[in-house]
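So you know, we letter chains A, B, ... as the sequences are listed, proteins then strands, and number each from 1. Every heavy atom of this structure was used, including side-chain atoms; hydrogens, water molecules and symmetry mates were not. If you're wondering where the values come from, they're calculated on a predicted model, not measured in any experiment.
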Amino acid sequence: MDAKRRIAPLLLDWYDRHRRDLPWRARPGEAPDPYRVWLSEVMLQQTTVATVRPRFEAWVARWPTFDALAAADEADVMGQWAGLGYYARARNLLKAARVIAADHGGRLPDTEAVLRALPGFGDYTAAAVAAIAFGRRAVVVDANVERVVARLFATSGKAAIRAATGAITPDARAGDFAQAMMDLGSAICRPRRPQCLLCPIASGCEARATGAPEAFPAKKPKAARPHRYGTLFWLERGGEVLLVRRPEEGLLGGMRALPTGPWADAPPGLAGAPAAADWLLLNTRVEHGFTHFTIDLALAVARDHHAVDVDGGEWWPVARLDAAGLPTLFLKAVRMMRERAG
DNA sequence: CAAGCGTGGAC
DNA sequence: TGTCCAAGCTT
């Protein structure tokens, strides 16, 4: 259809004039670095560019290649990821790096199908890396593309969106096209208050013609977030505090953490304490919102000069807790303890 | 396939 | 302050 073939040239022309300069993005005429493209795609999953930028720089300074990452300790990798969230991404990143080093000669496979089989590569990431790093034609559908295409054709549904995206994806510059769609979705075709007057493809946009482009795509009804309660245990001994490593699976999996008791529908008090000690339940609370529930944590404190080593735990200097690689939830408790002491 | 899985910024 | 949302993957 001729109207559909006009979209890619318009979008690519807009991209050539308005593309953002990002640390993982090759400049015109430069060859993309597959390692940087892959790392950025994983970091950017459900995470904003502003958050990723400094974390990306720190990561590539520490582990600049697949082989360097493959040789890293898992605890170091998880600690470097701390604060970014969705920690399965870091576990899969390391797994994939080791597969790439062992089975692919330290180079990323250059086809969508082979990429798709690596840990952490879903439909989106396999297509995006194939297109952006290797120039393959691939149909790249993320939340931005879904929104742009849903509005462009006033349509909905995963299959219809994918088919429509395929119909407007060019054979050449597929990587630039994908990035152009995402930049457009981020800067112009935003969820709220889309900037249609600045849009290079507004003239053919069916949602704009309806007068309410922001109504596309239809939003799913949101589930209520339950509220839970728990207790964080701060066991201190000679300037050191007890940390544990959380189980590999599940919430904050594999991360270093303060010990916690059970998370329940009502405050559990001192249940699940990591050791017998003279616990003092503080009046202050740590609140933290996760995607699917919020947690309200009490803080229990004990200073026990006779505390023996706790199974699976490690004693960590309080003054160096910032370097422990703790998820944000636990850093909130650390800050609270410091305010209390100071 | 719906649910589980983090966090910080915008409004 | 609460709600929404951001370059999704796994089971």
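Using a 4.0 Å heavy-atom criterion, one finds that A:Leu39 contacts no nucleic acid atom at all. Here A:Leu84 lies in heavy-atom contact (under 4.0 Å) with a base. Using a 4.0 Å heavy-atom cutoff across all strands shown, A:Gly185 reaches no nucleic acid atom at all. Heavy atoms of A:Ala128 sit nowhere under 4.0 angstrom from any nucleic acid atom. Looking at heavy-atom distances under 4.0 Å, A:Trp24 makes contact with a base.
Rounded to the nearest Å, the gap between the P atom of B:dG6 and that of C:dT11 is 14 Å. Going from the C1' atom of B:dC1 to that of B:dC5 covers 16 Å, rounded to whole Å.
If you check C:dA6, B:dT7, B:dG8 against the side chain of A:Arg147, the one that comes closest is C:dA6. Distance from the side chain of A:Lys222 is smallest for C:dT3 among the nucleotides B:dG6, C:dT3, B:dG8. With distances taken from any side-chain atom of A:Asn92 to the nucleotides B:dT7, C:dT10, B:dC5, the minimum falls on C:dT10. Listed nucleotides B:dC5, B:dG6, C:dC4 differ in distance to A:Phe293; the shortest reach to its side chain belongs to B:dC5. The listed nucleotides are B:dG6, B:dC11, B:dT7; the one nearest the side chain of A:Thr328 is B:dT7.
One interatomic measurement links the two molecules: NZ of A:Lys220 to C1' of C:dT3, which rounds to 18 Å at whole-angstrom precision. Distance, A:Tyr86 OH to C:dC5 P: 14 Å, rounded to whole Å. When rounded to the nearest whole Å, the span between NE2 of A:His292 and C1' of C:dT10 equals 14 Å. For A:Met43 and B:dG6, the CE to C1' distance is 14 Å, given to the nearest whole Å. When the P atom of C:dA6 is taken as reference, atom CZ of A:Arg20 falls 13 Å away, rounded to whole Å. Computed from coordinates, the A:Gln45 CD to C:dG8 C1' distance equals 5 Å when rounded to whole Å. Rounding to whole angstrom units, CD1 of residue A:Ile295 and C1' of B:dT7 are separated by 16 Å. For the pair A:Glu248 CD and B:dC5 P, the interatomic distance rounds to 15 Å; values are reported in whole Å.
Ring centers of A:Phe290 and A:His288: under 6.0 Å apart, within the cut-off. Under the 6.0 Å cut-off for aromatic ring centres, A:Trp63 and A:Tyr35 do not qualify, their centroids lying 6.0 Å or more apart.
Judged by atom type and distance alone, A:Thr47 does not reach the base of B:dG8 through any side-chain donor-acceptor pair under 3.5 Å. Donor-acceptor pairing under 3.5 Å, judged by distance alone, is present between the side chain of A:Thr291 and the base of B:dG6.
Residues A:Val140 and A:Glu112 form no side-chain contact, since every pair of their non-hydrogen atoms from C-beta on lies 4.5 Å or further apart.
A:Phe293 does not carry A:Arg225 over the face of its six-membered ring by the limits of under 6.0 Å from the centre and within 45° of the normal.
Checking each of A:Val241, A:Leu282, A:Leu242, A:Leu280 against A:Trp234 for a side-chain contact (heavy atoms from CB on, under 4.5 Å) leaves exactly one that passes, namely A:Val241.
Side-chain N or O atoms of A:Thr165 include none that pairs as donor or acceptor with a backbone N or O of A:Val141 at under 3.5 Å.
Between A:Arg91 and C:dT10, a side-chain N or O to OP1/OP2 separation shorter than 4.0 Å is absent. OP1 or OP2 of C:dC9 has at least one side-chain nitrogen or oxygen of A:Thr125 nearer than 4.0 Å. A sub-4.0 Å separation between OP1 or OP2 of B:dG6 and a side-chain N or O of A:His288 is absent.
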**Message:** Is there a ring-ring contact (aromatic ring centres under 6.0 Å, His included) between A:Phe233 and A:Trp279? Walk through the geometry before answering.
**Reply:** CA-CA 9 Å; A:Phe233 294 96; A:Trp279 292 106; 5.1 Å; yes
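Toward the 5′ end of DNA chain B lies the nearest nucleotide of A:Gly253, the other residue of the pair A:Gly253 and A:Ala50 mapping further downstream. Heavy-atom nearest nucleotides on DNA chain C were determined for A:Leu44 and for A:Arg116, and the one closer to the 5' end corresponds to A:Leu44.
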